[in-house]
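Quick caveat, the model's predicted, so the values are computed rather than measured. To find a chain, count down the sequence lines: A is the first, B the second, and so on, and within it residues start at 1.
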Amino acid sequence: MTEDLSLRDVRLQKLERMRELGHDPFRIERFDRTHTAKQMLDEFEEGKKIKFAGRVHSYRLMGKAGFAHVSDGDDKIQCYVRMDQVGDTAWELFKLLDIGDHVGVSGYLFVTKTGEKSIHVEEYVPLTKSLQPLPLGKEKDGHVFYGLADVDLRYRHRHLDLICNQEVRRTLINRMKITSAVRRFLDRRGYLEVETPILQLVAGGAMATPFVTKYKAYDLDVKLRISLELYLKRIICGDIPKVYEIGRVFRNEGVDNRHNPEFTLLEFYEAYINLEEVMVIVEEMFKSVALEVFGDTKVSVAVDPNEEVADRSKHDEEAKGEPVVLDFGKPWHRLDLMSALEERAGVTREELSEYESAKKAMERVGLPTEKENNLGGIIEKLLEKFVEPTLIEPTFLVGYPIETSPLAKKDPNNPKMTRRFEGYVRGREVCNAFSEINDPIDQRERFVQQMAQRESGNDEAHPLDEEFLFALEGGMPPTGGCGIGIDRMAMMLTGASHLREVLLFPTMKPTKPGEETATEGAEA
RNA sequence: GGGCCUGUAGCUCAGUGGUAGAGCAUCGGCCUUUUAAGCCGUUGGCCGCGGGUUCGAGCCCCGCCGGGCCCA
């Protein structure tokens, strides 16, 4: 932005002046710190000698002395600098300070007249000159001038968001800790973390539209993976009985408050366990992660009344718009999908046993039916509309229709249904698990049915993967598997209401065609 | 794709048809314990872009481009 140039130019001039004074901040490589800001404040000891470094958040110059608040990211502490203490050169350098610069100080702790724990600076060293103004929030007469409120700018320039907004910083740090706690949970249980190809000839394991790119060397179209499933099961076929992967998957679809085109998926597979055991693992994982990251299994979240649709008002009238406490220390609710539909969508089990009657029922409850060409699709729509929004507390919904579950074992009691569950929290899907098909004949039939759907125009139908079938034919043990959206999980555990709040760099529309990020003030 | 809201100084925002504003930030002064300090002065705008209505548009109308929320 051209408007920035003058501000930036001023700072460049200050940098030049610093160099004239014999101090080029960019030549410094290291600075020894003895304490963090938090340590100094918590374990305050008058007169204690310390060394500290951080970013300047505020700056008040008063003739021959001055104050600055310096933050190490987690906390900040006030520094008091006097000309007669630090010497003429350092004082000149201090006068060239801007908010946003990094500085190092040594000195001793003291309490100011007004009672603030501070550092009395004896040596002052500029460590970095910030050339861009920092939109730090400011408070004046009770009015808060929030530094960085523009949502778009916050996501595009996340580093500014991390510097200026403590809440954002906490949420994102917690999200990273959640990922790492998930790893520890699975590692502790003897799972092996693996890595599988991101570029795939057949993007399977889910029903979604992939991104397409090219292998130059083979002159081949390849797709970015939409799930981790098929490769992980091939590893199970290779007799590694407990595996997981945490990685990015890519779906070429819409962007909204619960979808990002690329997101972090965890999938774990374990041989010889059934669906019920997978549920317990999910419960224990959420509990363990919540305890490890937050020291508590309870999360208080505001349930947005706008999220409520249809029947939610009937079920949780009293909870509408009120904060809800989710307890991941308790077992999740278990709910049969068909029963839930009968109860909450106003349709009967019998109606949902055939395509034609299901379509009529769907019309009756007021949903458009033009695009529905199979029973499973109708069931999923009803579920989405009438059941999902009511699942606020952690709930497993069990038993999904066969048409939309091409990788899950058939339910021995009902050939139209599968051994599959999804976990929901705050009306959002957080996990999806199957008793995995290990019958290669059944699996091939399912793929063939999916190909038929693809023929009839469903681009998201599951593709047929011969290599995967070949692996199944080698013999896969009975296996339970589960996929968990780590970003969604982080939303649930941090109480965030938008997926973007738990992604460091959410996908954004470029500001100009062909431009990925704005590089303001840069001279190319 | 539809509805509602939104785009004004570096940041946060006011400004409902009549000379573009405030706070903070910037810059220049004064100030050796301040509380995002204070005082004096200063700088800074294609009011998102393009058309239209009008004597006159930041404001009204149309289109486009961003962004947000909701719905599909």
Side-chain angles (χ1 to χ4, degrees), chain A residues 1-14 17 55-71 76-88 91 94-100 107 109-121 130-157 160-161 163-166 253-259 304-310 366-371 381 384-385 389 497-498 500-501 506 508-513 515 518 520-521:
Chain A
M1 284 182 212
T2 41
E3 299 83 36
D4 275 20
L5 279 178
S6 62
L7 288 173
R8 186 166 176 272
D9 286 346
V10 166
R11 294 193 175 201
L12 279 170
Q13 281 165 13
K14 288 182 181 174
R17 177 78 188 117
R55 189 191 289 276
V56 173
H57 277 225
S58 71
Y59 176 52
R60 296 176 290 286
L61 196 60
M62 298 172 306
K64 298 187 177 63
F67 291 91
H69 275 96
V70 179
S71 163
K76 58 193 166 196
I77 186 163
Q78 178 171 257
C79 298
Y80 175 49
V81 179
R82 308 167 45 138
M83 184 171 81
D84 59 8
Q85 283 279 332
V86 296
D88 291 348
W91 179 249
F94 185 70
K95 285 202 287 187
L96 294 168
L97 188 62
D98 280 299
I99 288 172
L109 299 180
F110 80 115
V111 180
T112 63
K113 261 195 218 167
T114 51
E116 178 162 352
K117 294 169 183 168
S118 307
I119 298 171
H120 195 116
V121 175
S130 160
L131 300 180
Q132 292 286 345
L134 218 55
L136 278 163
K138 185 134 184 172
E139 209 174 318
K140 172 87 177 168
D141 300 331
H143 187 98
V144 179
F145 300 90
Y146 203 64
L148 190 63
D150 186 315
V151 181
D152 190 52
L153 286 183
R154 283 185 42 224
Y155 296 145
R156 285 186 198 280
H157 307 306
L160 296 177
D161 205 14
I163 294 167
C164 302
N165 297 322
Q166 276 305 306
E253 293 162 5
V255 183
D256 64 28
N257 69 3
R258 62 197 82 178
H259 296 91
D304 182 351
N306 290 324
E307 287 176 18
E308 326 301 72
V309 290
L367 295 186
T369 57
E370 309 85 66
K371 284 188 278 182
K381 281 282 160 52
E384 209 175 289
K385 184 76 184 172
S497 59
H498 200 299
R500 286 172 164 180
E501 298 297 340
M508 304 293 290
K509 201 169 192 171
T511 45
K512 289 178 200 160
E515 219 176 81
E520 284 141 42

Which is true for R500(A) with a 4.0 Å heavy-atom rule: it touches a base, it touches only sugar-phosphate, or it touches nothing?
sugar-phosphate

Any strand, both distances under 3.5 Å, Watson-Crick or G-U wobble: rC64(B) pairs with rG48(B)

Go through rC27(B), rA36(B), rC69(B) for me and flag the one nearest to the R60(A) side chain.
rA36(B)

What class does the angle between the rings of Y59(A) and F94(A) fall in, given that below 30° is parallel, 30 to 60° is tilted and above 60° is perpendicular?
perpendicular

With respect to the side chain of K113(A), which nucleotide from rG66(B), rU33(B), rU32(B) is positioned closest?
rU33(B)

Tell me what F110(A) touches on the nucleic acid: a base, only sugar-phosphate, or nothing, going by heavy atoms under 4.0 Å.
base

rA72(B) phosphate, OP1 or OP2, under 4.0 Å from K385(A) side-chain N/O
yes

Tell me the closest heavy-atom pair linking Q78(A) and S118(A), and the distance in Å.
NE2-OG, 3.1 Å

Which pairs, protein N/O on one side and nucleotides 29-31 of chain B N/O on the other, fall under 3.5 Å?
from, atom 1, to, atom 2, distance (Å)
rC31(B), N3, G63(A), N, 3.3
rC31(B), N4, G63(A), N, 3.3

Pull out every protein N or O sitting under 3.5 Å from an N or O of nucleotides 2-4 of chain B, one pair per line with the distance.
none

Should S130(A) and D98(A) count as side-chain neighbours, where that means a heavy-atom distance under 4.5 Å?
no

Does R8(A) reach the side chain of Q132(A), with side-chain heavy atoms less than 4.5 Å apart?
yes

Which one, rG68(B), rU33(B), rU32(B), comes nearest to the side chain of F67(A)?
rU33(B)

rU33(B), rU34(B), rA72(B): which one has an atom nearest the side-chain heavy atoms of S118(A)?
rU34(B)

Pair of N/O donor and acceptor under 3.5 Å linking rU34(B) base with Q78(A) side chain:
yes

Does rC24(B) have a Watson-Crick or wobble partner in any strand here, with both distances under 3.5 angstrom, and which is it?
rG10(B)

From the set rG10(B), rG67(B), rC69(B), return the single nucleotide nearest to any side-chain atom of L7(A).
rG10(B)

